[in-house]
Amino acid sequence: MEDRHTNQALALAGVFQAAALVREIAREGGLIHTDAAEASIASVFATDPESVEAVFGDVAGVRLGLETMRDQLRAESKQGQDMETARYVIGMTVLERKLARKRGALEALGADIEEARRTYEHFGPGHANLHGRLADLYAEHISTLGPRIVVRGDEQVLRESGNVARVRALLLAGIRAAVLWRQLGGRRWQLVLARGRYLRATEGLLETNPAS
């Protein structure tokens, strides 16, 4: 896909997908969109993709993110938006900037992700062992940057260690998508000034890649 806004929309949808999945865990007590979660987790290890869509396996792998982003962009006012999802998206883009500006931080995180690749290849993207490994990387490389992303929801659910690991692993995946978006020329001001272009690109992707 050569269109700049289409590629940016795909990458940004990865951020929205991570936000939607984190909200899902916090509010529903677990994952409903497990395929989307596995595509997001797998994207962390897509370090040399042939295309932007290949980061998520294909466009279907980030469909939840595209749908979430479309709904947010269509909303004409803050009252029409899901502000919790928006807050997670903004939080991940802020942390991406902090990570990029810290000397050597991206390289160090990338090296640790490569070390975690063996866990990914052995257990797969849906396994608790991998979630725990990525959660550790998030705590080591991201949580120290501040400000932390505060996840709101059922406190009992959010105290469960498996859910904590899944949330952190997905936030790491969202920040990875934010890095890709930035590399493709994405900027936060575009969410306001280029909102229409992003919406058209997102709707086009959903129309040409219908749900199976």
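Glu96 places no side-chain N or O within 3.5 Å of a backbone atom of Arg176 that could act as its donor or acceptor partner. In this structure, the side chain of Glu28 does not engage the main chain of Gly30 through any donor-acceptor pair within 3.5 Å. Put simply, the side chain of Ser40 never gets that close to the backbone of Ala37: no donor and acceptor are under 3.5 Å apart. Of the possible donor and acceptor atoms, none in the side chain of Glu38 sits under 3.5 Å from a partner among the backbone N and O of Asp35. Distance alone, capped at 3.5 Å, is enough to place a donor-acceptor pair between the Arg117 side chain and the Phe45 backbone. The backbone N or O of Ala26 lies less than 3.5 Å from no partner atom in the side chain of Asp154, so there is not a single donor-acceptor pair.
Residues passing the side chain to side chain contact (heavy atoms under 4.5 Å, CB included) test with Ala111: none are found, sequence neighbours excluded. Considering only residues two or more places apart in sequence or on other chains, Arg103 meets the salt bridge (Lys or Arg N to Asp or Glu O under 4.0 Å) condition with none of them.
Here the straight-line distance linking atom CD of Gln17 with atom OG1 of Thr85 works out to 12.0 Å at 0.5 Å rounding. Note that CG of Leu180 is 10.0 Å distant from CD of Gln8, once rounded to the nearest 0.5 Å. Taking CG of Leu199 as the start and CZ of Arg70 as the end, the distance is 9.0 Å to the nearest 0.5 Å. One distance of note links CD1 of Ile175 with OG1 of Thr93; it measures 9.5 Å at 0.5 Å rounding. Distance CZ/Arg97 to NZ/Lys102: 15.0 Å, rounded to 0.5 Å. Taking OG1 from Thr6 and CZ from Arg200, the interatomic distance works out to 10.5 Å, rounded to the nearest 0.5 Å.
Val164 and Val44 fall into different hydrophobic clusters, where Ile, Leu, Val, Met, Phe, Trp and Tyr residues are linked whenever their side-chain heavy atoms come under 4.5 Å apart, directly or through other members.
Applying the 6.0 Å contact sphere to CZ of Arg87 captures more than 12 heavy atoms from other residues, nucleotides or ligands. Within a 6.0 Å sphere centred on CZ of Arg148, other residues, nucleotides and ligands contribute 12 heavy atoms or fewer.
Side chains of Leu205 and Leu10 form a contact here, defined as non-hydrogen atoms less than 4.5 Å apart. Between Ile149 and Leu95 there is a side-chain heavy-atom pair separated by less than 4.5 Å. With a 4.5 Å cut-off on side-chain heavy atoms, Arg166 and Glu160 count as touching.
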* Go through the steps for Arg195 and Val192 under the test side chain to side chain contact (heavy atoms under 4.5 Å, CB included), then give the verdict. => CA-CA 5 Å; Arg195 179 175 178 160; Val192 177; 6.0 Å; no

| said: Checking Thr47 against Glu114 for the side chain to side chain contact (heavy atoms under 4.5 Å, CB included) test, could you report, in this order, the C-alpha distance in whole Å, the side-chain angles of both residues, the deciding distance, and whether it holds? | reply: CA-CA 9 Å; Thr47 53; Glu114 281 305 309; 3.7 Å; yes

message: Show, in sequence, the C-alpha distance, side-chain angles and deciding distance for Gln190 and Leu193, and conclude whether the side chain to side chain contact (heavy atoms under 4.5 Å, CB included) test is met.
response: CA-CA 5 Å; Gln190 294 171 338; Leu193 299 184; over 6 Å; no

*Criterion side chain to side chain contact (heavy atoms under 4.5 Å, CB included) on Leu31 and Glu24, from CA distance to verdict*: CA-CA 6 Å; Leu31 284 168; Glu24 187 170 282; 3.9 Å; yes

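Between Phe16 and Gln72, the shortest heavy-atom distance links the atoms CE2-CG, 3.8 Å. What you find for Arg23 and Asp82 is that their closest heavy atoms are NE-OD2, 2.9 Å. Between Leu109 and Leu99 the shortest heavy-atom distance is CD2-CD2, 3.8 Å. Closest non-hydrogen pair, Leu184 versus Arg4, comes out as O-CG, 4.3 Å. Among all heavy-atom pairs drawn from Ala169 and Ile41, the shortest one is CB-CD1, 3.6 Å. Contact between Tyr88 and Arg152 at its shortest, heavy atoms only, is OH-N, 3.1 Å.
Contacts classified as ring-ring contact (aromatic ring centres under 6.0 Å, His included) and involving residues 184-208 (residues at least two apart or in different chains) are given here: His5-Tyr198.
With a 4.5 Å cut-off between side-chain heavy atoms of Ile, Leu, Val, Met, Phe, Trp and Tyr, the cluster of Val94 takes in Ile90.
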Indicate every side-chain donor-acceptor pair of residues 55-69 with a distance under 3.5 Å to a residue at least two apart or in another chain.
from  : atom 1 : to     : atom 2 : distance (Å)
Asp58 : OD1    : Ala60  : N      : 3.0
Asp58 : OD1    : Gly61  : N      : 3.1
Arg63 : NE     : Glu67  : OE2    : 3.1
Arg63 : NH1    : Asn209 : O      : 2.6
Thr68 : OG1    : Leu64  : O      : 2.8

Which pairs would a plain distance check flag for residues 118-141, meaning a side-chain donor or acceptor within less than 3.5 Å of a matching protein atom at least two apart in sequence or in another chain?
from   : atom 1 : to     : atom 2 : distance (Å)
His127 : ND1    : Asn129 : N      : 2.9
His131 : NE2    : Pro125 : O      : 3.0
His141 : NE2    : Asp112 : OD2    : 2.7

